[in-house]
Amino acid sequence: MLGANQGSAAALDGTGLRIGIVQARFNQGITDALVQACRQELLQLGVEQDHIEQVQVAGALEVPLALQALAETERFDALVALGCVIRGETYHFELVCNESAAGVTRVGLDHHIPIANAILTTENLSQAVARQEDKGRDAARVAVEMARLLQTVNRS
């Protein structure tokens with residue numbers, strides 16, 4: 001099966017940007033890998049180490065509240081949501097996936113701040129492992145791209 005074509009964006013420059021990261025600890029092996037890949041990509045894009053702030057929460061349902069707290073400080077140009085929800089045997093999977101995604105979106109819209117949502121929602125652990133590095137890097141790129149987009153739009 002072919003992967004989705006994400007298209008191409010202009011060269012990304014994170015110089016001077018401040019990025020906040022919220023990491024869910026649930027499935028921490030996966031979320032640690034997401035954070036590592038995200039941080040490495042942010043640094044490669046020019047975001048300074050001391051301009052990246054990270055907080056941890058218990059799980060995906062707690063991510064939106066932490067994002068909201070970071071957004072309210074008005075210190076960040078973009079935020080990143082990192083987590084991992086793996087399907088279990090109950091409806092809880094759908095609840096966590098839907099509610100966390102809705103919360104992340106709401107914070108971004110309410111606070112007019114870009115949020116790269118890289119809360120993985122997978123059927124099993126092997127799918128999560130297969131995605132952890134790419135999605136961490138993707139989240140960094142989305143955060144920088146959207147921060148720059150909003151800066152451009154707000155200057156207009």
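Residues: numbered from 1 along the sequence shown.
A distance of 12.0 Å separates NE2 of His51 from CG of Leu43, quoted to the nearest 0.5 Å. Summarising the geometry, atom SG belonging to Cys84 is positioned 15.0 Å from atom CZ belonging to Arg25; distances are rounded to the nearest 0.5 Å. To the nearest 0.5 Å, the span separating CD on Glu41 from CD on Gln36 amounts to 12.5 Å. Between the CD atom in Gln68 and the CD atom in Glu72 there is a gap of 4.5 Å [rounded to 0.5 Å]. Going from atom CD1 of Ile52 over to atom CZ of Arg39 covers 5.5 Å, rounded to the nearest 0.5 Å. For the atom pair Asp138 CG and Glu145 CD, the distance stands at 11.0 Å (nearest 0.5 Å).
Asp32 and Gln23 share a donor-acceptor pair across their side chains, judged by distance under 3.5 Å alone. Side-chain contact of Gln151 with Arg148: a donor-acceptor pair under 3.5 Å is present, judged by distance alone.
Evaluation of the salt bridge (charged side-chain N to carboxylate O under 4.0 Å, His left out) rule for Glu48 yields no partner, not counting sequence neighbours.
The hydrophobic cluster containing Val142, built from Ile/Leu/Val/Met/Phe/Trp/Tyr side-chain heavy atoms closer than 4.5 Å, also comprises Met146, Leu149, Val153.
The environment of CD in Glu74 is sparse: at most 12 heavy-atom neighbours from other residues, nucleotides or ligands sit within 6.0 Å. By the neighbour-count criterion of 12 heavy atoms within 6.0 Å, atom CZ of Arg106 is sparsely surrounded, having that number or fewer from other residues, nucleotides or ligands.
Using a 4.5 Å heavy-atom cutoff, the side chains of Gln56 and Gln28 are in contact. Proximity of Val80 to Ile115: side-chain heavy atoms (C-beta onward) are nowhere separated by under 4.5 Å. Between Arg131 and Thr122, some side-chain heavy-atom pair lies under the 4.5 Å cut-off. The shortest side-chain heavy-atom distance between Val22 and Leu79 does not fall under the 4.5 Å cut-off.
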> Going through the distances and angles, do Ile86 and Glu123 end up as a side-chain contact (heavy atoms from CB on, under 4.5 Å)?
Replying inline: CA-CA 6 Å; Ile86 299 173; Glu123 294 292 322; over 6 Å; no
> What do the steps show when you test Val63 against Val104 for side-chain contact (heavy atoms from CB on, under 4.5 Å), and what is the final call?
Replying inline: CA-CA 7 Å; Val63 169; Val104 168; 4.3 Å; yes
> Which is it for Thr121 and Phe93 under the side-chain contact (heavy atoms from CB on, under 4.5 Å) test, yes or no, and what are the steps along the way?
Replying inline: CA-CA 8 Å; Thr121 56; Phe93 173 82; 4.2 Å; yes
>> Run Cys38 and Ile21 through side-chain contact (heavy atoms from CB on, under 4.5 Å) and show every step you take.
In response: CA-CA 9 Å; Cys38 182; Ile21 299 172; 4.1 Å; yes
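Hydrophobic clustering keeps Phe26 apart from Leu34 (ILVMFWY residues linked when any side-chain heavy atoms are closer than 4.5 Å, directly or through intermediates). Under the 4.5 Å side-chain heavy-atom criterion for ILVMFWY residues, no single connected hydrophobic cluster contains both Leu65 and Phe76. When hydrophobic clusters are built by joining Ile, Leu, Val, Met, Phe, Trp and Tyr residues whose side-chain heavy atoms come closer than 4.5 Å, directly or via intermediates, Val55 is grouped together with Ile119. At a threshold of 4.5 Å between side-chain heavy atoms, the hydrophobic network of Ile, Leu, Val, Met, Phe, Trp and Tyr places Leu42 and Leu12 in one connected group. Clustering ILVMFWY residues whenever any of their side-chain heavy atoms sit less than 4.5 angstrom apart, transitively, puts Leu150 in a cluster other than the one holding Ile113.
Taking both residues in full, the closest heavy atoms of Gln54 and Val35 are given as OE1-CG1, 3.4 Å, listed atom of the first, atom of the second, then distance. Closest heavy-atom contact between Leu67 and Ala81: CD1-CB, 4.0 Å. When all heavy atoms are compared, the tightest approach of Pro114 to Asp77 is CD-O, 3.3 Å. Residues Ala139 and Ala116 share a closest heavy-atom pair of O-CB, 3.3 Å. Here the shortest heavy-atom pairing between Pro64 and Val107 reads O-CG2, 3.5 Å.
For Thr31 (side chain) and Ala24 (main-chain N/O), a donor-acceptor pair under 3.5 Å exists by modelled atom type. No donor-acceptor distance shorter than 3.5 angstrom exists from the side chain of Thr105 to the backbone of Ala102, with no hydrogens or angles considered. Judged purely by atom type and a 3.5 angstrom limit, Asn27 has no side-chain atom pairing as donor or acceptor with the backbone of Ile30.
Ion pairing of Asp134 with Arg137 is present here, as a side-chain N (NZ or NE/NH1/NH2) and a carboxylate O approach within less than 4.0 Å. The pair Glu53-Arg18 fails the salt-bridge criterion, with no side-chain N (NZ, NE, NH1 or NH2) lying under 4.0 Å from an Asp/Glu carboxylate O.
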